[in-house]
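Okay, so here's the structure we're looking at.
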Protein chains: 2
Amino acid sequence: MTLRERKKLRTRAAISEAAISLFIEHGFDQVSITQVAEAADVSRRTLFAYFPTKEDLVVHRFADHEDEPARVVRARPAGQSPLTALREHYLDALHAQDPMTGLTDVPEVLHLYDLLRSTPQLMARMLQFNETSETQLAAALHETADTAELPARLAAAQIVSVQWTLSIANYDRALAGARADDAYPAAAAAANQAFDLLAGGLGGLWPSTPLP
Amino acid sequence: MTLRERKKLRTRAAISEAAISLFIEHGFDQVSITQVAEAADVSRRTLFAYFPTKEDLVVHRFADHEDEPARVVRARPAGQSPLTALREHYLDALHAQDPMTGLTDVPEVLHLYDLLRSTPQLMARMLQFNETSETQLAAALHETADTAELPARLAAAQIVSVQWTLSIANYDRALAGARADDAYPAAAAAANQAFDLLAGGLGGLWPSTPLP
DNA sequence: GTGCAAAAGTAGACTAAGTGCAGAGTAGCA
DNA sequence: TGCTACTCTGCACTTAGTCTACTTTTGCAC
């Protein structure tokens, strides 16, 4: 890796770190791009060369996870169902306290998540990530699991939104003060329940004719 | 209704119509707020009194549907499962060619939809609607169907994303040129398949051990 | 009808995100 | 050492959205 490339990476990281710590301290809307540029010691124009929008200063950190579900499905062992692969992957991530799951004690991650949750513009960008995640997962299901296009899209939509719901719930518990180790058993149980629901359907939740 | 109120409604409609027809003709990003205000014959400042953001000029038309799933669940006949109520409601809407389903021939609706699909900012706003829709549905399920909080949230997430996926698919077929009457049978079949999948789960899609 | 308080609309200045451009600095390589 | 390509910068510009102070219109009491 050349000096030029290394320098670019360092500049990028410096800008993002300056931005996030300012946003966490003062709030997303209370900090201007100009202030971020000053804190990172670059010009405004350079900042925009690295990050096309203010939101990207924050959410670019999640861009790597966009295609994770699709990758998991494509990389699953022969004979394993896509849903099983995704379930195991999610439970492994929980066990490893991967930030993606929302189960974490790392203060920086919690602060960052707090920022996301309290800034609608950032949440909107996260939802867009979910959408591409869903599209890619649908393609992976269609191509590798002998699934017709519509069911693949429907399944992908369900899976992505369920994983998102699980992670949100975990983060909210963490922000409410739960320690990750303490929250783990409930989080794992919730994940299992969620994947059971995905596999077995909502039918079981509501018997068509309840007790009189 | 007083003159003042009637006038406000007319002004609001005039602004929105001017905006949408300009956006459809030239594209969302190619038309400025100032141009919309001029076309609607109001000042820029007045426009912002009616619509807080440029996106709202378009998406406010969908705001009424936000709480539709929750309403359907709350209004279902005694003894009917929430999922059955939602399924029937969606199939009725399809049959009536409700714009919400994406099954329509009304040119204005199709153009409007084309605008949404081709403008990421507008799609992002629509996804935010979905999120509040989901939250309200979860509350309705929790309160009226004896469902615990987590399963209610998970189910709501699945249902809303599945309905959205169905409607998107219908709209895309319509934009590809399909007439609503011709597309109806396939759309109804797709909806039934989707709700079957919701009720019965994804387990049936992928037998855990496929043929060798 | 006339007058008055409240609501609605307007003008214009202001902030901040994001873009385009033309020039200065710096890395890579001969 | 010097050439070339990449990167950074300053500055002017557009546009979304806000703030404030002022005018017009409406509803209503008389």
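Labels below follow one simple rule: chain letters A, B, ... track the order of the sequence lines, proteins then strands, and each chain is numbered from 1.
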Q) Mapping A/Arg4 and A/Val31 to their closest nucleotides on DNA chain C, which lands nearer the 5' end? A)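 Its nucleotide being nearer the 5' end, the pick is A/Val31.
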### Task
Tell me, please, whether A/Phe48 has A/Lys54 positioned over its six-membered ring: NZ or CZ under 6.0 Å from the ring centre and within 45 degrees of its axis?
no
So, B/Gln35 versus B/His26: side-chain donor-acceptor pair below 3.5 Å or not?
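Their side chains do not contain a donor-acceptor pair, so the 3.5 Å distance test is not met.
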message: Between B/Asp181 and B/Gln97, do the side chains contain a donor N or O and an acceptor N or O under 3.5 Å apart?
response: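 Yes, because at least one side-chain N or O of B/Gln97 sits under 3.5 Å from a partner of the opposite role on B/Asp181.
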By side chain to side chain donor-acceptor pair (under 3.5 Å), A/Arg4 pairs with (sequence neighbours left out) none
*asked:* For B/Asp98, give me all partners under salt bridge (Lys or Arg N to Asp or Glu O under 4.0 Å), at least two apart in sequence or on another chain.
replied: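 None.
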Between NZ of A/Lys54 and P of C/dT15 the distance, given in whole Å, is 16 Å
Rounded to whole Å, the CD1-P distance (B/Ile33 to C/dT15) equals 21 Å
Checklist entry - Does any pair with a residue in residues 144-171 of chain B pass salt bridge (Lys or Arg N to Asp or Glu O under 4.0 Å), and if so which ones, sequence neighbours excluded? => result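 Non-adjacent pairs meeting salt bridge (Lys or Arg N to Asp or Glu O under 4.0 Å): zero.
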Residue pairs fulfilling side chain to side chain donor-acceptor pair (under 3.5 Å) with at least one residue in residues 106-123 of chain A, sequence neighbours excluded
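Listed once each, the pairs are A/Asp29-A/Gln121, A/Tyr113-A/Arg117, A/Arg117-A/Asp172.
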What residues in residues 5-27 of chain B put a non-hydrogen atom under 4.0 Å from any atom of DNA chain C?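 Within residues 5-27 of chain B, the residues near DNA chain C are B/Lys8.
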Residues from residues 37-51 of chain A lying under 4.0 Å of DNA chain C - heavy atoms: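 The answer is A/Arg44, A/Arg45, A/Phe48.
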Taking the basic N atoms (NZ, or NE/NH1/NH2) and the acidic carboxylate oxygens, is any pair closer than 4.0 Å for A/Asp67 and A/Arg74? no
